[in-house]
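See below for the structure under consideration.
Counting starts at 1 for both ligands and their atoms, following the listed order.
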Amino acid sequence: MENELQSHRITASDDVEVSAYLEIARELHGDQPVVELKPPPGKRETIVLIDFGSQYSMLIARRVRECHVYCELVPYDTPWEKIASLNPRGFILSGGPASVYDSEAPLALSYIYESHLPVMGICYGMQAMVYQLGGEVASGAKHEYGHAILHVSSENCPLFAGLPPSLPVWMSHGDQIMQMPPGFKALAYTENSPFAIIGSDSGIFGLQFHPEVSHTPQGRAIFQNFLYRVCGCQGNWTSANFIAESVDKIREQVGDGRVVCALSGGVDSAVTATLVDPAIGNKLTCIFINNGLLRREEPERVLNVFKRNLKMDIVYVDATDRFLEQLKGVIDPEAKRQLIGNEFIEVFEEEAAKLGKVDFLAQGTLYPDVIESTSAQTKASAKIKSHHNVGGLPTRMKFTLIEPLRYLFKDEVREVGLALGLPEDMIWRQPFPGPGLAIRIIGEVTKDKLEILRAADWIVMNEIKKAKLYRQLWQSFAVLTDVKSVGVMGDYRTYGYLIAVRAINSEDAMTADWARLPYDLLARISDRIVNEVPNVNRVVYDITSKPPATIEWE
Ligand code: XMP
């Protein structure tokens, strides 16, 4: 295992800068986690993404960060003082559902045009910009949704460097530009949009299409050109820089304080702990609660990595009996979630109290959670299920929060985790819900049913891994239904449980598509489950996407 861990560290990142940094760090620190040495970071450069409420805003931020430039999504009415503190190098104005002529239409604040920083307006962002700078926007004679071919009409526009003169793009707009503001030129057109890209000499651009979506295959090159050629960014947003910056911040925040962290076995809390522990001189205490609803070998694996390999201070609590006692006779999915969440808080509080005075709680909150809880789009959304993450720990507990991953996307968390030396199987673990197997057992949760589900789930995971599909699927798992059906085995009638297999593709769990797994893989999974798992005689495959179904069954 030691060697395995070591080799992960060497090959972990395809980012040359990070690897070089790790090499030096390893020489200096041997097996210690590599956060002590600082690469030369320079001040973090930020692209400020002004949010007009587009469903793609988060995607724009991800695309920018994939180019190694930090991007922060801010509400459109954010004051300049906050923007100035971010070291802005340019602005991107997002799309949005409004029309510029709506009475409540969000518009860019004047500092965006007065700062002399480059601006790229996308779709509604472009229309707002045109409207505000003296051009004319009107409802398009022909709405344009879907594929279009963009023809470049300007020879030396920096956005098109290295790109062919015609490229496929994705359009989705109703309103369109009728007249450009003074000082702007048309740089590209499509069949329906004479002003598909416009630009001024002062580095202000408008794009009528969406460069952030995968249907615009060269979108990334357009972003890169904007970031590097127009905004002059260096691309210093790397795992190594992030780690170095975070370590400084955590040290400064914590001082001599005491920190606890709840480990869940998932990647977010694992990376949080691995980042915080060495930053504060290995004084972090992790609390790992086994709620009895984990998958086969999961508790052992977590303890192995954190206790044996990373030598962290871990309080392990096997609270299986407490949780199962609470769940006795409970059938309602929401009731299960509530009970598990409350019991978790109780056990955590008890354990934290035993540690004496604790000042800080380290949590693996990620950027999508932050955006979701602040975004105007989700304010009105209905509650479908209550989620109990370790992230949702008790507000009544008097801890100050440390959330080092608060501005990271999942893929960035994974990169950081790899750079910190966490094993790949932990980094690439598919998401697993806080309430665990309880919401994959329909009806009452019992020890026997948990054993059945663990065995079936193990087979699904094993076969999916053997088929080399584990990483590309968002999630793949088994569900134990409360249906029993008749079967025949040998010469005997059986009356056994029905297992459902669920495998889905998704970018962010907000929507998901059921995975078209090969038939022979499904056949192997089914054969093995009915043959190897007692009391199961039938297997079905869930072919429902989200929406209308959710990913989990409860
Ligand atoms: P649904 O079932 O709502 O799930 O489509 C979306 C994603 O969230 C995960 N999930 C949870 N994660 N605590 C968690 O930490 C929860 O209570 C919870 N419920 C669902 C689910 O596995 C999927 O990835």
What atoms of ligand 1 come within less than 4.0 Å of a heavy atom belonging to [X]?
X: P435; value: 13 (N), 16 (C), 17 (O)
X: R337; value: 16 (C), 17 (O), 18 (C), 19 (N), 20 (C)
X: K546; value: 1 (P), 3 (O), 5 (O), 6 (C)
X: T550; value: 1 (P), 2 (O), 5 (O)
X: W474; value: 24 (O)

For [X] and ligand 1, does the shortest N/O to N/O distance drop below 3.5 Å?
X: I439; result: no
X: P431; result: no
X: E552; result: yes

- Query: Does W553 have a heavy atom less than 4.0 Å from any atom of ligand 1?
  - Reply: no
- Query: Among N282, T285, T272, which residue meets the side chain to side chain donor-acceptor pair (under 3.5 Å) test with D277?
  - Reply: N282
- Go through the structure and list residues passing ring-ring contact (aromatic ring centres under 6.0 Å, His included) with F409, not counting sequence neighbours. Y367
- Item | Listed partners of W170 passing ring-ring contact (aromatic ring centres under 6.0 Å, His included), at least two apart | H147, H215
- Note on the structure: Distance col, row T511:OG1 vs W474:CH2, nearest 0.5 angstrom, shows 10.0 Å
- Query: Which distance, rounded to the nearest 0.5 Å, do you find between the CD1 of I427 and the CG of L418?
  - Reply: 4.5 Å
- Message: How about CD on E507, more than 12 heavy atoms from neighbouring residues, nucleotides or ligands closer than 6.0 Å, or not?
- Response: no
- R63 to F223, cation-pi by 6.0 Å centre distance and 45° axis angle: no
